[in-house]
Chemist: 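Please find one structure pasted underneath; my questions will follow.
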Amino acid sequence: MYRVKTFISGLSKSQTLGILLQRTCASVQTVSDRTQTTNSFLNGSSSVYTESMYEAWLQDPSSVHKSWDAYFRHGEFASPSQLAPHAQSSTSVDTYKQSQEYYHVQSLIRSYQERGHHYADLDPLGINDHTFSNMGIELAYSHFNFGEKDLDRKFYLPDDSVTYIGGEEKTLTLREIIRRLENIYCKHIGIEYTHINNEEQTRWIREKFETPRIREFSREEKHVTLARLVRSQRFEEFLSTKWTSEKRFGLEGCEALIPGMKTVIDRSTEFGVESFIIGMPHRGRLNVLANVCRKPLENIFCQFDSKLNEEDEGSGDVKYHLGMSHHRLNRVTNKEIKVAVVANPSHLEAVGPVAQGKTRHEQECVGDHEGKRVMSILLHGDAAFSGQGVVYETLHLSDLPAFTTHGTIHIVVNNQVGFTTDPRFSRSSPYPTDVGRVINAPIFHVNADYPEEVVYVCKVAAEWRATFGKDVVVDLVCYRRNGHNENDNPYVTQPIMYKAIEKQQPVMEKYADELVNSGVVTKEDYKNEIEKYDQICKKAYDDSKGILVNKNSEWLDSPWGDFFVNKDQMKVAPTGIPEDVVQKLGIQSSSVPKDLKIHSSLNRVLKARMKMIEDRTVDWALGETIAYMSLLIDGYPVRLSGQDVERGTFSHRHHVIHDQMVDKKTFCPLNNLDGLFEGKKPAPYTVCNSSLSEYAVLGFEVGFSQVDPNCLVLWEAQFGDFANTAQPIIDQFISCGQDKWVRQLGLVLLLPHGYEGMGPEHSSARLERFLQMSNDDPSQELKFGDDFAMQQLHDSNWFVCNISTPANYFHAIRRQILLPFRRPLVNMSPKAILRLPEARSSFDELIGDTEFQRIIPETGVASENPKGVQKLVFCTGKVYYEIAKIRKVVEREHQVAVVRVEQISPFPYDLIRDEIAKYPNASISWVQEEHKNMGAFQYVEPRLRHLLNNMGRDDKVKYEGRFPAASTAAGNKQLHEQELDAFMSNVCNPDFY
């Protein structure tokens with residue numbers, strides 16, 4: 001097909017052909033003057049003229065008009081004499097016919113390349129609608145004006161910019177052209193790649209599949225493939241024999257996954273990859289652990305023992321959710337590699353972004369900036385890949401600078417059913433993998449009953465990633481021999497499918513028969529391979545009986561080495577820093593290079609920061625920045641991600657400063673700390689605006705934080721209200737990861753929260769949900785001692801805070817890194833108080849032996865005469881400043897004491913006990929701006945009551961705040977103010993109780 005992009009790129013194929021034929025098939029003219037080469041392309045009128053232009057262009061491209069140069073350079077010109085080998089006539093009629101035939105051959109080839117996958121024989125059960133024998137008219141040669149008489153005629157082939165099917169041959173008969181195209185595109189591999197908008201990449205794929213004999217296997221490769229199939233199938237058969245009624249979510253029906261995955265690892269190892277991170281669902285997980293990761297079989301088998309004792313605290317998890325990390329020798333390349341499988345919940349696809357984040361951080365830790373040493377492999381189910389939105393979110397991280405892992409290999413185990421739902425009811429797209437098209441990923445569909453095709457496709461996928469650093473999708477079209485699990489009866493909902501499955505010969509047996517019949521292996525070889533692996537399983541089974549204790553720590557996907565060695569779990573290093581360090585860091589954070597032209601409003605912000613430093617004060621943004629910088633100069637990397645975090649949702653942070661005159665010229669003060677302190681090499685700071693995603697991005701940061709406990713990782717929601725779109729990550733990984741998988745995390749969640757009249761979706765981070773998931777007991781036995789606070793932190797699943805001062809946030813951030821263990825921190829970040837003058841902190845609160853305050857007690861005049869205080873108000877967060885303002889207006893500062901609970905969970909019983917005891921004559925209230933059924937009240941009230949009982953008091957805790965509601969906040973600003981006034985008017989009234 002001719003393509004003249006410069007002149008007629010907007011025309012259809014038929015229009016393009018018509019125009020070109022007008023130029024090449026008109027009446028013959030004699031070109032008598034070489035100077036005619038300067039004529040425009042559109043002035044050409046004959047094939048002779050066109051050929052003369054082509055000859056001149058070959059000798060010197062500058063000798064012809066620029067339009068001809070563009071035509072020959074980009075238009076895939078072929079002179080009429082080249083179009084068919086038997087062309088003898090020079091008449092315009094013959095030339096027209098030859099041009100048409102050449103165009104039709106090329107169109108036929110292109111049609112197979114674009115549409116052949118729709119007619120490939122992909123279903124091992126043979127029950128789907130599209131089969132090779134039911135080929136549509138779009139691939140029929142008659143559709144391209146060829147008849148049966150043309151099948152044995154020879155035609156010139158287009159060059160390798162179009163196809164590689166000829167190899168060294170320049171001509172082929174039409175019959176042979178079709179045969180080769182059918183074998184490439186319509187047999188057991190379906191190739192989707194023409195949607196990719198990069199010519200180099202599409203040509204690369206064509207070469208990998210179209211080159212003659214490129215997919216031939218050696219005897220050695222066939223032997224290896226069979227041996228791996230034997231291990232895959234016999235492992236499942238061994239489990240089914242020993243534990244007939246146990247759920248294990250076996251791989252039966254897709255045994256070819258194991259040789260496919262091992263091929264990916266083998267080939268990638270040849271390219272230099274040393275570490276593989278695997279994210280996968282439950283189906284086939286035990287098989288992957290055994291035969292891909294080579295986890296000792298006895299450690300897998302012992303998980304089936306219901307009497308196994310747990311060595312570690314926590315709930316643990318089912319065996320098909322557990323992760324692991326294992327170093328082993330790759331026998332193909334003789335290189336040492338690490339294979340890790342990330343622990344996952346049953347929430348399908350949630351593990352995908354987690355594995356990506358883990359991969360990215362491992363790459364950074366080894367200086368792998370191109371993904372040459374560390375890579376990820378993600379396994380998916382067909383229904384989940386098309387049905388779960390987090391797949392789309394995760395795919396769109398693939399090319400983002402701060403999130404890319406430089407190519408992921410996605411393998412879809414396509415059961416052709418989702419639990420009990422047929423594909424026609426579970427997706428609207430032709431394939432479950434169509435979502436991969438949005439990122440220009442090639443998609444290779446393959447019939448999983450043909451193991452050599454599976455292995456070849458996986459080999460190409462590994463080569464694709466190594467060559468281009470891009471994602472690729474392998475769709476293993478298979479079946480599920482059992483139901484959703486081994487105890488499920490699939491005949492109830494898929495009777496036709498399972499009648500076909502019942503008759504289906506296992507792929508191991510089918511492939512073994514093929515190799516025996518072709519003389520590649522003998523029956524004896526095959527039997528010996530089976531017997532050898534069976535003996536391995538039997539020995540491991542016997543050894544597993546001697547394992548009496550389950551060590552969850554042996555199932556960690558990211559072990560932290562000696563992080564916990566020689567650390568006193570009840571001691572935390574001081575979080576205060578010297579004043580000269582505060583001063584230097586503050587000045588650095590407020591300075592920009594002289595050649596950077598910054599926005600006038602930002603100039604005012606930086607000047608205001610300099611003024612604060614002179615006054616020895618910090619606001620929220622400056623306190624946060626100094627906290628990060630103080631960690632960086634001590635060698636702790638910091639990563640902050642989320643929507644708009646570089647500037648900050650509320651335009652307060654400004655960690656990336658943009659030049660107003662030069663595009664993409666930016667400055668980050670936190671990455672310019674070299675030389676600031678002698679002898680210190682600062683760690684890198686990453687601050688990155690993310691895609692508009694919560695689920696995938698938060699999952700990514702969870703994975704990122706798993707790798708190195710000495711790296712502070714923070715994720716900030718644009719508004720805390722939007723964090724609930726990432727709820728599966730919060731519920732399944734962050735809140736309970738340690739309980740299930742002994743997986744400690746130091747991740748920080750910053751969730752802007754506060755009622756300011758901005759409506760139901762810009763007010764609440766749902767504090768109550770995080771408190772509900774806290775694991776402390778509201779009626780626990782209270783034993784106060786020197787280690788009470790540290791013991792609480794150690795025993796908690798996370799820390800939930802609503803911090804109200806920059807200094808306290810500074811200490812909370814530093815505490816995250818300086819603790820001898822790791823727990824997530826969830827903070828209800830401020831909005832209104834970011835710029836509130838009353839919410840600033842003095843340098844005195846950052847330096848010396850200062851530390852994080854779990855509560856901030858009353859420090860005003862009420863504390864000077866505690867017996868005269870009639871009302872003790874406990875609150876948390878921003879509402880304190882509103883209470884303080886009202887209290888001053890109504891002149892109740894002597895009678896009402898206000899205590900801020902900065903760390904709500906774990907609940908600071910010891911400090912609150914001291915405050916209650918300090919004001920013996922005061923009634924006790926809890927004040928919050930949230931509705932009564934929300935916020936902290938439902939968490940705080942039983943704990944306050946328990947504490948009062950422990951103190952021998954029977955006081956009731958009065959609630960003061962908004963009434964219960966279904967919506968988080970009023971949508972009307974006036975109604976918001978009315979609600980606030982209604983409960984705030986009584987807060988400072990000692991008689992109101």
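The structure presented is a predicted model; accordingly, all values stated were derived computationally and were not measured. Just the heavy atoms: all of them, side chains too, but no hydrogens, waters or symmetry mates, feed the values below.
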Chemist: I'd like to know if Arg945 and Asp955 make a salt bridge, using a cut-off of under 4.0 Å between side-chain N and carboxylate O.
Modeler: no

Chemist: Test the Arg900-Tyr881 pair against the cation-pi criterion, namely NZ or CZ under 6.0 angstrom from the six-membered ring centroid and within 45° of the ring axis.
Modeler: yes

Chemist: Can you confirm if the aromatic rings of His762 and Phe722 lie within a centre distance of less than 6.0 Å?
Modeler: yes

Chemist: Whether Arg639 engages the ring of Phe704 as a cation-pi pair (distance to the six-membered ring centre under 6.0 angstrom, angle to the ring normal within 45°) should be assessed.
Modeler: yes

Chemist: Would you check, one step at a time, whether the test side-chain contact (heavy atoms from CB on, under 4.5 Å) holds for Glu902 with Ser804?
Modeler: CA-CA 7 Å; Glu902 300 281 286; Ser804 63; 2.7 Å; yes

Chemist: Scan side-chain atoms only and decide if Glu701 and Ser641 contain a donor-acceptor pair under the 3.5 Å cut-off.
Modeler: yes

Chemist: Counting neighbours of CD on Glu838 that are heavy atoms of other residues, nucleotides or ligands and sit closer than 6.0 Å, is the number greater than 12?
Modeler: yes

Chemist: Please answer whether the main-chain N or O of Ile855 pairs with a side-chain N or O of Gln903 as donor and acceptor at a distance below 3.5 Å.
Modeler: no

Chemist: Step through the shown structure and confirm whether more than 12 heavy atoms of other residues, nucleotides or ligands are within 6.0 Å of NE2 on His894.
Modeler: no

Chemist: Name the orientation class of the two ring planes belonging to His652 and Phe650 (parallel below 30°, tilted from 30 to 60°, perpendicular beyond 60°).
Modeler: tilted

Chemist: Hey, do the aromatic rings of Phe821 and His794 have their centres closer than 6.0 Å?
Modeler: yes

Chemist: Could you tell me if the ring centre of Tyr959 sits under 6.0 Å from that of Phe983?
Modeler: no

Chemist: Check whether Asn921 reaches the backbone of Lys867 with its side chain - one donor and one acceptor, N or O, closer than 3.5 Å.
Modeler: yes

Chemist: Tell me whether Arg962 is salt-bridged to Glu930, with the criterion being a basic N under 4.0 Å from an acidic carboxylate O.
Modeler: no

Chemist: Nearest 0.5 Å, what's the CZ-CZ distance between Arg604 and Arg609?
Modeler: 14.0 Å

Chemist: Check this for me: does any side-chain nitrogen of one of Glu960 and Lys958 sit under 4.0 Å from a carboxylate oxygen of the other?
Modeler: no

Chemist: Within 45° of the axis and under 6.0 Å from the centre of the six-membered ring of Phe784, does NZ or CZ of Arg913 qualify?
Modeler: yes

Chemist: Give a yes or no answer on whether the side chain of Arg822 reaches the backbone of Leu747 with a donor-acceptor pair at less than 3.5 Å.
Modeler: no

Chemist: Under 4.0 Å between a Lys/Arg side-chain N and an Asp/Glu carboxylate O for Arg653 and Glu716?
Modeler: yes

Chemist: Is it the case that Trp798 and Ser735 place a side-chain donor and acceptor less than 3.5 Å from each other?
Modeler: no

Chemist: His655 and Tyr685: aromatic ring centres closer than 6.0 Å?
Modeler: yes

Chemist: In terms of side-chain geometry, is the basic nitrogen of Arg854 or Asp910 positioned less than 4.0 Å from the acidic oxygen of its partner?
Modeler: yes

Chemist: Got a salt bridge between Glu858 and Arg887, using NZ or NE/NH1/NH2 to carboxylate O under 4.0 Å?
Modeler: yes

Chemist: Does Arg815 qualify as a cation-pi partner of Phe852, given the criterion of NZ or CZ under 6.0 Å from the six-membered ring centre and within 45 degrees of its axis?
Modeler: yes

